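Heads up, the thing below is written out as structure tokens.
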Amino acid sequence: MERVRKRDRKASGEGAARGGPKGPADPSRVPPLRVQRRKQAFSVFGGPVERAGDAESAAALAELLAPDPGLARALTHGFHSYAGRMHPSTARVAIARFSQPGQNVLDPFCGSGTVLVEALAAGRIAVGSDASPLAVIIARVRSTTLGPEGRQRLVEDARRIAETAAERARKRLRPEIPKWARGEKDRFFSHVALELYGLRALIGETQEDDVGLALRACLSSILVKFMRGSDEAEARRIGRGVPSHFFASRAEELARGLEALERRTPAGTPAPQIRVADARDLGMLSADGFDLILSSPPYAGTYDYGEHHDVRFLWLGLPRANLDRVQVGARDQGLGTAAQRWRADRRRWLSEMARVARRGAAIILQVGDGVVAGAPEDATRAVEEEARRLGLDPVARVSQARPPHDHRLRQIFAGRPRREHIVLLRKKG
Ligand SMILES: C[S@@+](CC[C@H](N)C(=O)[O-])C[C@H]1O[C@@H](n2cnc3c(N)ncnc32)[C@H](O)[C@@H]1O
């Protein structure tokens, strides 16, 4: 459990919430938060960029590796942490360079929805899917602007819920603890867990419409922050009322991001269509429909997206079994991912991309060198070879070093370069 927790925190850039108001929290006067949330949330960029293939296309791809740090939390990008997020600026530049307004953009590994938010803001018709129901909720919430009334209801409901939960927490009123949550005292200090149950119960009383979904995502977005750290002193520093205060603040931040997204989106652009689906079988999408496919599939043996978000699945009452069954590239007992299945899966999702792309369309993949059966794999060579077999042209790529920071990966890569790549494939016209 500890292993999951540490990893989740590290990837999300979150730490346990400290400080915050000691006395009654008044969510209508939420002061600025003193939480360190701005730690590096994306892969570290920088260093020389290696280019290969068509020079003009490679130059365009190189721009995707020069992110604008100002965009990291723009629109709704800062709302919810997510492992392996694409940098918003990579998505923005790729969409501008490789598609036109009104065209169809697909991300079949959409995760928290970075590509879909940027596609919407650029007036593209965005379609996304992911095998994780948690990812689909986050992506929907980040890209459903709600309109002025919906946003107002979001903020008012969140404040009301926070006020009630904080008051009950300060009065030491114990909410009923559901059966599934009895083990959660290992993850949270008990007064924190009780306040979070209180919040969850009140959220559960709201309608399950778009605003209700946004409230649930706000709870999901604060959970990791309040998990036990190694330092017992944290218990005293997470005062009663603090989780509720954060919850209300998160809803306000989301409402501001959604308003900015609405302002940026060209009139008449439809909301993205987002659903739970296995990227290896996109049977719900017809052939030749997409002008741009922009996606970052899992890196081999790097994360397990179910285990990684375990606490969120549990608290949101989401099923994990299907994700565990269909997930590609999941990290497996330190050996990376199993070779045969990894390759067969890659063939399947790439051939689905080839099928649904229009003739001449760009398929842009952000891929990273990973670990397959205990050995390093050069992601770009494998993708390009497979693409050729499927009748796609590997036009260009750019690569940049991402030296491993964890001991396991350093040992596996043992001095060999570990890189992240952006690969441009084209469906033959
Ligand atoms: C690198 S993350 C994508 C992050 C995303 N670009 C973002 O900015 O948040 C890879 C995603 O692939 C999803 N995934 C894994 N196996 C899948 C499958 N078979 N079908 C669809 N999605 C899958 C994971 O749930 C995860 O959300």
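In each ligand, atom 1 is the first atom listed, and ligand 1 is the first ligand listed. Model, not experiment: these values are computed from the prediction.
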What residue and heavy atom of the protein are closest to [atom], and at what distance?
| atom | result |
| --- | --- |
| atom 5 (C) of ligand 1 | Cys110 O, 3.5 Å |
| atom 22 (N) of ligand 1 | Ala131 N, 3.1 Å |
| atom 8 (O) of ligand 1 | Thr114 OG1, 2.7 Å |
| atom 24 (C) of ligand 1 | Asp130 OD1, 3.5 Å |
| atom 20 (N) of ligand 1 | Ala279 N, 2.8 Å |
| atom 9 (O) of ligand 1 | Ser112 OG, 2.7 Å |

Would you say [X] and ligand 1 have an N/O pair spaced under 3.5 Å apart?
| X | result |
| --- | --- |
| Ala83 | no |
| Asp278 | yes |
| Tyr82 | yes |
| Pro298 | no |

Exercise. Is the closest heavy atom of Gly329 to ligand 1 under 4.0 Å?
Worked result: no

For this session: Take atom CZ of Arg359 as the centre, draw a 6.0 Å sphere, and report whether it contains more than 12 heavy atoms from other residues, nucleotides or ligands.
Result: no

Which bit of [X] is near ligand 1, meaning a heavy atom under 4.0 Å away: side chain, backbone, both or neither?
| X | answer |
| --- | --- |
| Ala91 | neither |
| Ser129 | neither |
| Ser295 | neither |

Exercise. Do Phe189 and Phe226 have their ring centres less than 6.0 Å from each other?
Worked result: no

Exercise. Do we see a donor-acceptor contact under 3.5 Å between the side chains of Arg142 and His77?
Worked result: yes

Exercise. Quick one: do the Ser220 and His80 side chains pair a donor with an acceptor below 3.5 Å?
Worked result: yes

Exercise. In terms of side-chain geometry, is the basic nitrogen of Arg388 or Asp393 positioned less than 4.0 Å from the acidic oxygen of its partner?
Worked result: no

Exercise. Roughly how far, to the nearest 0.5 Å, is the CZ atom of Arg256 from the CG atom of Leu261?
Worked result: 15.0 Å

Of [options], which has the heavy atom at the shortest distance from [atom]?
| atom | options | answer |
| --- | --- | --- |
| atom 14 (N) of ligand 1 | Tyr305, Tyr299, Phe109 | Phe109 |
| atom 10 (C) of ligand 1 | Gly84, Ser296, Gly111 | Ser296 |
| atom 16 (N) of ligand 1 | Thr302, Val328, Val136 | Val328 |

Exercise. Tyr82 vs Tyr305 aromatic rings, parallel, tilted or perpendicular, using cut-offs 30° and 60°?
Worked result: parallel

Exercise. Should the pair Trp315 and Trp180 be assigned to parallel (<30°), tilted (30 to 60°) or perpendicular (>60°) ring geometry?
Worked result: perpendicular

Exercise. At their closest point, which heavy atom of Val383 faces which heavy atom of Leu365, and how far apart are they?
Worked result: CG1-CD1, 4.0 Å

Problem set entry | Identified side chain to side chain contact (heavy atoms under 4.5 Å, CB included) partner of Phe290 from the options Leu292, Asp288, Ile293 | Ile293

